[in-house]
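Since we're looking at a predicted model, the values are computed, not measured.
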Amino acid sequence: MKKKKTPNSFSTKDLLISMLLGWLIVFVGAWAGTGFRASFFAMPRFVVVIIVSIAGAIVIGPAIYGFLYLGRNHEKEK
């Protein structure tokens, strides 16, 4: 049986999952920085954290997508 390499294909669903993972990493990291205290969710600070974590997801998400999905060898049996 010969194995044939298939070209990488873009998936919006996988990119969104990667961006969600990136957001989660940044958000939990910010929360861990406060020692997982409930005061983390105080409104002025929390709004800033949400905005920063979304920006982090925009930066980190595509990197995660690249490592998890585009960097793999996609091989199918013929």
Side-chain angles (χ1 to χ4, degrees):
M1 294 184 154
K2 290 184 178 180
K3 290 187 178 182
K4 180 182 174 186
K5 282 190 175 184
T6 58
N8 293 325
S9 61
F10 179 78
S11 170
T12 304
K13 180 188 83 165
D14 291 340
L15 179 61
L16 290 175
I17 291 170
S18 299
M19 291 181 80
L20 181 64
L21 285 173
W23 175 81
L24 189 64
I25 290 167
V26 174
F27 184 81
V28 171
W31 192 19
T34 65
F36 296 106
R37 293 189 186 109
S39 64
F40 173 76
F41 297 100
M43 253 323 130
R45 181 183 332 167
F46 188 65
V47 170
V48 170
V49 169
I50 291 294
I51 292 169
V52 169
S53 62
I54 290 171
I58 291 170
V59 173
I60 295 173
I64 292 172
Y65 178 79
F67 285 121
L68 292 180
Y69 300 104
L70 296 180
R72 294 187 306 191
N73 287 332
H74 299 279
E75 297 180 2
K76 286 187 175 181
E77 290 183 22
K78 190 175 181 182

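Inter-residue side-chain proximity for I50 and F27 is flagged as met; some heavy-atom pair is nearer than 4.5 Å. Between I58 and I54, the closest side-chain pair of non-hydrogen atoms falls below 4.5 Å. Residues I64 and I25 meet the side-chain proximity criterion, which asks for heavy atoms closer than 4.5 Å.
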Show every donor-acceptor pair shorter than 3.5 Å between a side-chain atom in residues 28-36 and any protein atom, with sequence neighbours excluded, or say none if there are none.
unit_1: W31; atom_1: NE1; unit_2: R37; atom_2: O; d: 3.2
unit_1: T34; atom_1: OG1; unit_2: W31; atom_2: O; d: 2.7

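Contact between V49 and F40 at its shortest, heavy atoms only, is CG1-CZ, 3.4 Å. Listed here is the closest heavy atom pair of G61 and S18: O-CB, 3.3 Å. The minimum heavy-atom distance between M19 and P62, with the atom names listed, is CG-CD, 4.4 Å.
In this structure, F41 and F46 have tilted ring planes: the angle between them lies in the 30° to 60° band.
Listed by chain and residue number, W23 satisfy the side-chain hydrogen bond (donor to acceptor under 3.5 Å, both in side chains) test with S53 (two or more places apart in sequence, or in another chain).
Here V48 sits in one hydrophobic cluster together with V52; the rule is ILVMFWY side chains under 4.5 Å apart, joined directly or through other members.
One finds the OH atom of Y65 at 7.5 Å from the OG1 atom of T12 (value rounded to the nearest 0.5 Å).
Under the 4.5 Å side-chain heavy-atom criterion for Ile, Leu, Val, Met, Phe, Trp and Tyr, L15 and L20 are members of the same hydrophobic cluster.
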